[in-house]
Structure formats: structure tokens, C-alpha cells
Amino acid sequence: MKIRSARRFEVIYTFLNETSTSVLNFVTNQSPSNGSCSINPLNGTTTTAFNISCSNWFDSDGVRDYTLYVWTKDISEKIMISYSSVDHFQVRLPIGNENTSLINLIVYIRDFLGSITQVNISSIAVTLDFLTIDDLFNKIQNSSKTITDNSIVQLLSSGNQNIVSQIIILLSQQLNQMNNHYLTKAISNGISFVDISISTLNSPNFTSSTTIINETISIEYKNEINSLANIRDYFVSFISDLLITTSNSIILQSSSLVQLTQSTNQLTRNLLTIVTNQCYQLSLSLYSIANQISYEDVQLAANQLFQCASNIFEEIKNDMIPSGYTSLPSEIVTILSGVNGLLQRRTILLDLDYSRSNTITSDYDTDLESPWSNLNLFADENDFSEEIIEKNRNIYYQKQVSNEISKQVTEMNSLLSLSLNIHRNLGQQYLLNNSQAFLFFEKLSKKSLENGTFHQIENSQFNFPSNLLLNSSSTISIRSQMTPLASFGNAQNTNLSRSISISILDENGNEISISTNENSSIRLRIPRDPNLLIPSMNFQNVTSIANVLFYLSYVNITSSIPISIDMEIEPLNSSLSYLFIYKFDQIPLLNSSINEIDGWNLFCSNKHLTNENLYKYFLDNQRTLNHQSLIYGIRQLNSTEFQNYCSNSSLRNQIPITDEKSHFTSNYQIRIYTSGCYYLDENYQWRSDGLKVGSLTNHYETECYSTHLTTFAGGFIVLPNPINWNYVFANADFSKNQTIYITMIYKKDLEKLGVTPLIDNQKSDGYFYQIIVFTGQRKDAGTESKVHFVLSGEKDQTNIRTFSNSNRKIFERGGIDAFVMSVPKSLGLLNYIRIWHDNSAHHILQSIRKDFLTENYYLIPSRQQ
């Protein structure tokens, strides 16, 4: 018989004039007892119907249900397979351990007051029913008809959430194993990991065996991934109509969705939309019953729902959890990784998405406002080619789904936070830590936030100042989160960044605004993907250059959002020291009579070399704001300068100036990379106002300072080899150095060389023409009017273009003016130019046009108009 143990607690309150007593009686509920559980048969395949029998269980409150979990290697990785209110039920099981085929089982027997007894069942062997599953996969791939003659499809069509979830789990695990095999093979054959996948949190580094990519391997990998994506997309249709009944129902359904979405490189937009909607409904259902079920049920259901919003690869071991934390081994919002992977150029384009986005919609003939038929949305400037339209239409719909899912995931996070908050007390912490996400909850006092440090994983952390401005009651909650991939937004340089966030919540779960001033900002550390490949340093052959005052180099820093600059210089002779100067958008000049620089720095071998034998220099994003280029100069210090400015402390803050040209005695290598600090606004776009990049930024993390809290990401791009500016001036013939000029096409310094980029050139253009205009010698031949033209070729013609130069006069009598015109693509063989002006008539004799990529010249006379 089940025995209840009783406890009586009495509290006496003593006041000045009276005494009060309060008494509470506690009865400890005993878990079900005296029974046993077994499974039959003891071996089988993934299509075998195994019978679970739990007999003779007694509980005075009655047995509520029986829940079966399975695992192969670690019990902390257990997955719910089935639940039942009766003591005999059937299950289909996933394959066992890859080496032994064994799978472990445990049954939870629970009474109506929530007390649980756990029973381990003997391990059994489960192997893959290859013929049945292979038959199904082939039919999904090759048949356009509805599949009815496959036993697995018949089970999926039953509508029974136990059966459907079991089949989805065992099939998804097979697909996940195949994906891991394909991914490993691709990487071992030279494909970069970050080009085809997203590193999980705390993941090991993957290295390619070769740097030469086999095109056949790349095509084969894409075909394999597309095949698996098509199969997953087929399975998702069976889960959208399952009923949501209890907390067990929530756990079971989300467990199957976790497995189905584990491989984020294979998630079609259709699958992502269905899964996100189902996860949202499950989250909403949990919130509606959170105050009616036990703490343990909320915890288990929330664990699975966070996994439902992401996927599971491997769960963190309990012995890895810091003491004092409650472990909820789960993951968050990797659905966002699935939808953002393509936009961030981290996963391949799925054929099914591409095909669906470019199939004529059913309302094509009736919906005149349909985006699908609005080609202006998808064209690249004037390029309306079929290839461009189809590519951009697919991206358009990918962004649309990304925004919709982002909103739903935000609402899901809020619902789950509120569900957990019902059972959370002051000082109590919840840690959800997994390979795909990190989530931390804690209820604490407002005072404890001041000077507080909140660590995540992979060195991610938030440091709060002491003078926080926080409008709230004394009790608050912290929600800290980290995911493997930043959302796409509008920043092209966040595709290697983790996403981190932290929110302050009031007692009702509402976010509280927090602010600081710039002198006491919140410090953040944002990790990057650990598998990013850092390019090798660029060799600078400076010893071959004749005597110069400075070796000048040019760097393009044009960016739509602010960036910082990190420079790393590795001297091949570590005993040498250097003077470094720079200027934004112009050439730096420094001698005894001219000081036109924006900054300088000494690199002294006795002080500034790092342990990696590097000289480093950092410019934060506030310094680079509104600038498009950086031109820097380096010269080697002689022994006297080294003694005076590096060894003599009295002159260390003075800049060594000389008019004497010198040469380099040794070469060096250089690497320049940009970083950024960004936050996600309410429109899911990245912004940088209020953020500053810190000087501790490096290859693998960005240091940021912020005056507010939200979701953050870091930008990172390694720049190409800087352009040798000395060489540009020594070889200023445009026709011989096209590459240099094309790179510099938007820079004002190019105009000083007599070549003017047209003001209406577009940065996205990829084809260039040099236009040389000869103005006649006749009287009044020159003009100050605006001159417009249209250039026509066999393949295309330009829009109306304009000759202009804001720095000097053009089209003067007898003058020769050179321009660079950019266009999206080649115009083909040139036919004619139509040219006119907006004022009085002038005589432009002729113009010569040169097609850079074909080396063809065209002489086109122009008549007076």
C-alpha cells in the first residue's frame, strides 16, 4: 500500500501587544510502485511494432500516464517517443547505436498529483528497414503521384500523434545521419565549412584536406542536399493538423519537429513556415495551461518548445552545467538559421524553393497587385534577364519568410518566458544550453544588475556599468540569449557572426528599457563562427621600390553601415621599426613644410610587437564614419630615429619628420580587416547608432559598447591586398592599368589624374567604358553646359547619362577629357551615340570610346546640335 508522510509546520509571530500563530500541514505524495515494464520483441527494425507492457502499478491517487523515452549514448539526450493513459501500447523505434544497434528505453509512470517513478527497460537492438525506407525515399523523389502503397506513408496518414511523431523521428534521424555523411565528405574534399553550413555553439573546428575545390564534388553535394530537402518537405505535411491536447502532446510533437529540422541546410520555406506555425501554437497552448500544471511539466514542455524553434544536434551533459543552475538541455531559434542561411550565404540554394518562387501563381491573371508579376521588384537596375529575375524573385520570397518567422519566434520567446516566469522565484536560475542555442533566465534584484557581468558561451558576455538608468520595481528578470547565426537584415558583413541578446523584464514579463551614457556604456563581446577561414597575410615587396618618403597604399572602406579598421603588420625583420601615417579619402602628406594627415603611430620593435610578431593599429567606427577610402603611408625608421623616438621616452609622443627619401631594408606582410557593431531594430534591420567598436576586437570576436539593450551582431570582412599607391602614380596610363582604375573608380584622387568617373555610375555595375572627348578648336567651341548622352550598342543601350566634373572645367576649347562610364553589362558592338546639351550650341568634334574588357576602340564623330 502507498504510504503518505505528513509534516506539520508552525510559525509564531510576536508583536508588542499580541501573538499570532500560523500552521501549515504538508503531505508528501509517494510515486507509483510495485509494478514493472517490459518490451517485446527484443530486436527488430524501424518498421517493427514493439509492444510496451507496464503491469501491476499501484498508486492511491491513480496512475495518470506512461511515457516512453529512448536514447543511444547518453540519457541526457533522451527523446520522448510515446505517451499513453493505458498500460499496454505499441511503438515504432529509431535505429540504435551505430556500432551496436542497441537502443536504451526508460518509462515514466506518473500519478495524478505529478509524482513519477522511472523504470529502465532492457536495451534492445533496432536496425534500419532499408528496403521500405529506400522505397519511400525513391518514390518521393521520382513520383509525381500521391503515394499510397507504402506502409510508412499509411502510418503517417493515420492522424495519430503518437504514430506520426514516432515515424517522423525515426525517418528524420536517418536523414540527419545522411546529411552528416554528405557534409563530412564535402569538407574533406576542400569545400569550406562556412560556405555550406553553420557551426553549432561550442562546436569543434573543421578543416579541409585541400584548398582545391573539386567542381564535381560541389555539384554532387548540392544534388544530395536537395534530395534530402525534398524528402523533409514531403514529411512536414503530416504534422500540421495534429491535435494539441496535453503537456505530453506538446513535448511529443515538438520532439518530432526537432528531429525534422535538425539539418538547417535542408529546410525549405514551406517546411519552415509550417513548423514555425506549429511551434507557435504549441507555445500558445503551453502558456494557456502553465499555471495549471506542475513545474516539471512546464520545464519539460518549454525545453522541447525551444528545441521546436530550433533543432537538436547534441545536448549538453548535466555534469557540464555550473553548480546552482537548473539544466534544461535545449535550443532556440535555429529555425532562423534555416531561413537566414541562404540570405547570409552560408547554405546552398534549394531547388524546390527556387522552382516554387518562379512558378506562375494561381492568381496571376486576377491579382494585378501581385508581387510575383512586378518585374521591377526583381530586376538589377536595367537588367531584366530571366536569370536575374528568377534569382532575385527567390531572394525576395526568402526575405519575406525570414521577416515573418522572426516575428513569430519573438512572440514564442515571450510566451515561453512568461510560462517559465510563473514558477520562478527570486534568485532562481534556468539555463538552457545546447549546441544550437544558449538561453539563460534569472529573477534577481535591480541592485544586483549594477556592475554585473553575464557570461554566455564562446566568450560571449555582457558587462553592465554602475550607473544604470532603470525604471522598474526592485525585482526584475534577466533573459540572455545566443544563437549560431545572425539574422540577415541589411548588413552583408554579419554572415559570420553569432547573435547575442539580453533583455530586462518586469514581473509581468514586459521588457524594460535601459539606458546609459557614452562614458559608462554596456560592454559586449560577440563571437564569430569558429570555423571561419582567416586569409593569409599579403606580402609587401617594399625593398624593390626606389627611394620614397613613404610607401603609400590605398584601401576601399566604403560601407552602408559604419565599420572599424584593424591593421596587422608582420615585419620579416622583427628588429625594424616604422612610422605609420594615414588620411581618409585623400593622400597623406608629411614633411617639414606640409602636415596633411588624419593620424599617425610609431611601431617600435622594443615596445609594440605582440607575441605573434605583429604591429597592430585600430580605428574605431566613429573615426571611419562617412569616409570611403583610407590611404596610409609607411616608412622605416633609421637607427637615429629609433634611438630618439622609440628608446628616448621624452620624444615618444612626437612625430619624426624628415624630407629625406629612404628605402626599406626588409619586406613585411599586412592584413587589414573591418568589423562592426550592430543591433536589430523593430523592422529587423541592422543599425549602428549608439554602438562603438572596441579596440579588443580580433579575428574571432567583436568588442562593442552600447548605451541600450537589444539583439546584437558583429560585422567582419578581411579586405583584399591594398593597392600600391606609389605604383598608381608611377603608372598613370589608364589604358595600361585598367584594374587599378576600375577599383578606384569612385575616388576623387582618380580625377586628379585626369580621368573622371561619371557621376551617375552605380557601384553595382560590373562593366566599364573609357570615353575620351575631344573639344573642337573653333571659336566658342568650349561649353559650361551640362552635356547628356545615350550610348547604343548591339546588345543594349544606356539610360541618359551625364558628363560632369565638380573639381575642374571640362569641354574647354581644344581640350581632351577622359571619363569612365560603368554599366551593368556589355553593350556589345557600339552603333552610335546620341548627345545633347541644356544650353547654347557648342561643337564637340568627336569622342573615342574604349571597351575595357575587349580592348576595342570606337571613334564616333558628333555633330553640332
Side-chain angles (χ1 to χ4, degrees), residues 80 201 244-258 261 272 275-312 315-316 325-338 404-425 428-434 436-444 454 456 476-484 487 499-512 709-711:
M80 179 191 280
L201 300 180
I244 304 171
T245 54
T246 65
S247 58
N248 274 336
S249 174
I250 295 172
I251 296 170
L252 181 62
Q253 289 189 39
S254 54
S255 293
S256 65
L257 296 176
V258 162
T261 59
L272 287 165
V275 169
T276 305
N277 288 335
Q278 191 73 359
C279 286
Y280 178 77
Q281 294 301 321
L282 293 168
S283 301
L284 198 61
S285 298
L286 176 63
Y287 175 68
S288 68
I289 63 173
N291 59 353
Q292 304 168 25
I293 60 178
S294 68
Y295 157 77
E296 290 81 7
D297 279 356
V298 173
Q299 180 177 348
L300 288 171
N303 172 39
Q304 294 299 317
L305 279 169
F306 279 116
Q307 293 183 50
C308 172
S310 63
N311 66 344
I312 186 170
E315 305 218 0
I316 191 167
Y325 289 76
T326 300
S327 170
L328 293 180
S330 49
E331 312 168 68
I332 309 163
V333 298
T334 301
I335 285 177
L336 289 178
S337 295
E404 293 169 357
I405 289 179
S406 295
K407 294 175 184 177
Q408 281 189 290
V409 168
T410 299
E411 294 177 15
M412 286 172 55
N413 276 341
S414 178
L415 288 169
L416 295 176
S417 298
L418 290 171
S419 300
L420 289 169
N421 197 47
I422 294 173
H423 298 273
R424 193 163 61 248
N425 300 313
Q428 190 174 6
Q429 301 170 334
Y430 294 88
L431 179 65
L432 297 89
N433 195 342
N434 193 281
Q436 286 294 340
F438 172 96
L439 183 63
F440 173 77
F441 292 95
E442 182 179 12
K443 183 176 285 188
L444 69 170
F454 293 85
Q456 295 184 330
I476 59 173
S477 292
I478 290 284
R479 182 178 66 205
S480 175
Q481 182 174 313
M482 179 176 174
T483 53
S487 295
S499 174
I500 68 171
S501 67
I502 193 166
S503 302
I504 312 298
L505 311 175
D506 62 19
E507 294 181 342
N508 298 318
N510 300 315
E511 289 197 19
I512 304 169
L709 292 178
T710 180
T711 298

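All figures in this text were calculated on a predicted structure; none of them were measured in a lab. When reading the values below, keep in mind they use all heavy atoms of this one structure, side chains included, and skip hydrogens, waters and symmetry mates.
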About how many Å separate [atom2] of [Y] and [atom1] of [X], when rounded to the nearest 0.5 Å?
| X | Y | atom1 | atom2 | result |
| --- | --- | --- | --- | --- |
| Asn277 | Leu282 | CG | CG | 11.0 Å |
| Leu416 | Leu284 | CG | CG | 10.5 Å |
| Met80 | Asn248 | CE | CG | 4.0 Å |
| Thr276 | Glu411 | OG1 | CD | 11.5 Å |
| Ser503 | Ile478 | OG | CD1 | 8.5 Å |
| Ile502 | Leu709 | CD1 | CG | 6.5 Å |

Show your working on side-chain contact (heavy atoms from CB on, under 4.5 Å) between Ser501 and Thr710 and close with a plain yes or no.
-> CA-CA 6 Å; Ser501 67; Thr710 180; over 6 Å; no
Is the shortest heavy-atom distance from the side chain of Leu415 to the side chain of Tyr280 under 4.5 Å?
-> yes
Provide the closest heavy-atom pair for [X] versus [Y] in the form atom of the first, atom of the second, distance.
| X | Y | value |
| --- | --- | --- |
| Val298 | Ser419 | CG1-O, 3.7 Å |
| Leu257 | Cys279 | CD1-SG, 4.0 Å |
| Leu505 | Ile512 | C-CD1, 3.6 Å |
| Ile244 | Ser285 | CG2-OG, 3.5 Å |

May I ask you to decide if Ile500's main-chain N or O and Gln456's side chain share a donor-acceptor pair within less than 3.5 Å?
->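 It does not hold such a pair.
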Kindly determine whether Ile293 and Leu286 satisfy side-chain contact (heavy atoms from CB on, under 4.5 Å), including the steps that lead there.
-> CA-CA 9 Å; Ile293 60 178; Leu286 176 63; 4.1 Å; yes
Regarding Gln253 and Ser249, is there a side-chain donor-to-acceptor distance under 3.5 Å anywhere?
->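 Looking only at side-chain atoms, Ser249 and Gln253 do form a donor-acceptor pair, the distance falling under 3.5 Å.
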